[in-house]
Amino acid sequence: MIILLFGKPGAGKGTQAPLLAAALGVPTLATGDELRAAIRNGTPLGLEAKSYMDRGDLVPDAVILGIIKVALSEPRHARGVLLDGVVRTVAQAEGLAAVCEELGQDVKAVLCLDIDDEEIVRRLAGRTVCENCQTPYTGREPGTTCDKCGGNLVRRPDDEPDAIRNRLAVYERQTAPVLAWYREHGTRVAIIDAVGSVRDVTARALGALAT
Ligand code: AP5
C-alpha cells in the first residue's frame, strides 16, 4: 500500500506524516528529509541539492527518481509506505509508476492537504524544525530543544520570504498538475481540508482513506 501525501509547502505534510503512518502501520519516506540529511552529511547528493532547495526550486527529477527507486526497493518498504512530498512533477509521477510496476506495488490514494497561501505564509513564518529528526514546531525559538529527540531547533533557509514565494509559485507551476495526472490514471485523489487542529486534520485524512 503506497499512499501519497501531497500539498503546498507548509500545508502540514511533515506534521501529519508520522501520525498517519502510525495509524496505518507503515513507515514514511520524505524526499525533503532525505535531501536535508544529505546536505548535513556533505554528500555529493547534498551538495547538488542545496542551492535548489535554498532558493525554493525543485531538485532535478533524475535525482529524486534515484532516491525513490533505492528507497522503495528496501525490504522495510515492501508492505507499504507513506510518501510525504515525494512526487512533485508529472515526470516523477510517471517514474514512480514505473518503479511500482517493477516492484509489484501500486499507489492506492493521493491525500492532498488543502490550505490557502495566506495561512501558509503565517505558518512558515513561525516555524522552526529539529535539525536532527526534522519535527516541525510553531512558536518555538531557534536554539531551543526538540521534545522528541533533544535536537536543536533551527529556521530552514527556505522559510525566508523570497524562498516561500518561490516555493508557492513552483507548486502551482510544476506540482499542482500532478493531481490531474493521478485522476486521469484512475488513482483516487482526496482533498483534505488542512485548516483546523492537527488532530482534526489527521481524522479527516484517515476518514477519507476509509471511504
Ligand atoms: P520539503 O521539506 O518537503 O518542504 P515542503 O514541501 O515545502 O513542505 P514543508 O516541509 O515546508 O511543509 P509541510 O507541508 O511539511 O508543513 P509542516 O508540517 O512543516 O521539501 C523542501 C525542498 O526539498 C523543496 O522545496 C525542494 O527543493 C526539495 N524537494 C523535496 N522533495 C522533492 C521532490 N520530490 N522533487 C523535487 N524537489 C524536492 O507545517 C508547517 C508549519 O505549520 C509548522 O510550523 C507546523 O507546526 C504548522 N502546522 C502544521 N499543521 C498545523 C495545523 N493543523 N494548524 C496550525 N499549524 C499547523
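Heads up: numbering here begins at 1 and tracks the sequence. Order of listing sets the numbers, starting from 1, for every ligand and every atom in it.
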Practice task
Would you check whether Gly10 has a nitrogen or oxygen atom less than 3.5 angstrom from a nitrogen or oxygen atom of ligand 1?
Solution key: yes

Exercise for the section: Would you mind checking which non-hydrogen protein atom is closest to atom 28 (C) of ligand 1, with the distance to 0.1 Å? Expected result: Leu35 CD1, 3.7 Å

Handout entry: Protein heavy-atom partner closest to atom 11 (O) of ligand 1 - residue, atom, separation in Å
Key = Arg167 NH2, 2.5 Å

Problem - Pair Asn152-Asn132, side-chain donor/acceptor within less than 3.5 Å - result: no

Problem - Gly196-ligand 1 polar pair, N/O distance under 3.5 Å - result: yes

Problem - Which of the ligand 1 atoms, numbered from 1, are nearer than 4.0 Å to a heavy atom of Gly14 - result: 13 (P), 15 (O), 18 (O)

Exercise for the section: Return yes if a side-chain donor-acceptor contact under 3.5 Å exists between Arg123 and Thr15, otherwise no. Expected result: no

Exercise for the section: Would you mind checking which non-hydrogen protein atom is closest to atom 56 (N) of ligand 1, with the distance to 0.1 Å? Expected result: Arg123 NE, 3.5 Å

Practice task
May I ask you to identify the nearest protein heavy atom to atom 47 (C) of ligand 1, giving residue, atom name and distance to one decimal place in Å?
Solution key: Thr138 OG1, 3.4 Å

Problem - Option of least heavy-atom distance to atom 39 (O) of ligand 1 (set: Thr15, Thr128, Thr135) - result: Thr15

Fill in the blank from the handout: Closest non-hydrogen contact found for Leu113 with Gln16 is CD1-CG, 4.2 Å

Handout entry: ligand 1 to Asp158 polar contact by distance, N or O atoms, under 3.5 Å
Key = no

Practice task
Please confirm whether the backbone N or O of Ala194 pairs with a side-chain atom of Asp114, one donor and one acceptor, at under 3.5 Å?
Solution key: no

Completion exercise
Distance col, row Met1:CE vs Asp106:CG, nearest 0.5 angstrom, shows 12.0 Å

Practice task
Look only at interatomic distance and state if Gln16 has a nitrogen or oxygen under 3.5 Å from any nitrogen or oxygen of ligand 1.
Solution key: no

Problem - Val86, any N or O under 3.5 Å of ligand 1 N or O - result: yes

Handout entry: Lys/Arg-Asp/Glu bridge criterion (N-O < 4.0 Å) met for Asp159, Arg127
Key = yes

Exercise for the section: Please answer whether the main-chain N or O of Glu172 pairs with a side-chain N or O of Lys8 as donor and acceptor at a distance below 3.5 Å. Expected result: no

Problem - For Arg36, the ligand 1 atoms whose distance to one of its heavy atoms is below 4.0 Å - result: 2 (O), 21 (C)

Handout entry: Between Gln134 and Arg36: side-chain donor-acceptor atoms closer than 3.5 Å
Key = yes

Exercise for the section: Count the heavy atoms belonging to other residues, nucleotides or ligands that lie under 6.0 Å from CZ of Arg173, then report whether that count exceeds 12. Expected result: yes

Handout entry: Region of Asp33 engaging ligand 1 - heavy atom pairs below 4.0 Å
Key = neither

Practice task
Answer with yes or no whether Gln134 contacts ligand 1, where contact means a heavy atom under 4.0 Å from a ligand atom.
Solution key: no

Exercise for the section: Before signing off on this row, confirm whether Lys13 and ligand 1 have an N or O atom pair separated by under 3.5 Å. Expected result: yes

Problem - For Gly85, the ligand 1 atoms whose distance to one of its heavy atoms is below 4.0 Å - result: 31 (N), 34 (N)

Handout entry: Distance from atom 22 (C) of ligand 1 to nearest protein heavy atom, with residue and atom
Key = Met53 CE, 3.8 Å

Practice task
Say whether, by atom type as modelled, one donor and one acceptor occur between the side chain of Thr28 and the main chain of Ala21 under 3.5 angstrom.
Solution key: no

Handout entry: Nearest protein heavy atom with distance in Å, relative to atom 35 (N) of ligand 1
Key = Gln92 NE2, 2.9 Å

Practice task
Assess whether side-chain contact (heavy atoms from CB on, under 4.5 Å) is satisfied between Leu72 and Gln105, documenting all intermediate values.
Solution key: CA-CA 9 Å; Leu72 292 193; Gln105 295 256 33; 5.9 Å; no

Practice task
Say whether Tyr137, considering both its backbone and side-chain N or O atoms, lies within less than 3.5 Å of an N or O atom on ligand 1.
Solution key: yes

Handout entry: Under-4.0 Å heavy-atom contact with ligand 1, by part of Ile64 that carries it
Key = side chain

Practice task
Please say whether Val59 places an N or O atom under 3.5 Å from an N or O atom belonging to ligand 1.
Solution key: yes

Handout entry: Arg127 N/O to ligand 1 N/O under 3.5 Å
Key = yes

Handout entry: For Ala91 against Asp61, the heavy-atom pair lying closest together
Key = CB-OD2, 3.3 Å

Practice task
Tell me which protein heavy atom sits closest to atom 16 (O) of ligand 1, plus the residue, atom name and distance to 0.1 Å.
Solution key: Gly12 N, 3.1 Å

Exercise for the section: Determine the minimum heavy-atom distance between Val87 and Phe6, stating which atoms define it. Expected result: O-CE1, 3.4 Å

Exercise for the section: Provide, to 0.1 Å, the distance between atom 27 (O) of ligand 1 and the closest protein heavy atom, together with that atom's residue and name. Expected result: Asp57 O, 2.6 Å

Exercise for the section: Run the salt-bridge test on Asp116 and Arg122 with the 4.0 Å N-O cut-off and return the result as yes or no. Expected result: no

Problem - Contact check: Asp159 vs ligand 1, nitrogen or oxygen atoms, below 3.5 angstrom - result: no

Practice task
For the pair Arg156 (side chain) and Thr128 (backbone), establish whether a donor and an acceptor sit closer than 3.5 Å, ignoring hydrogens and angles.
Solution key: no

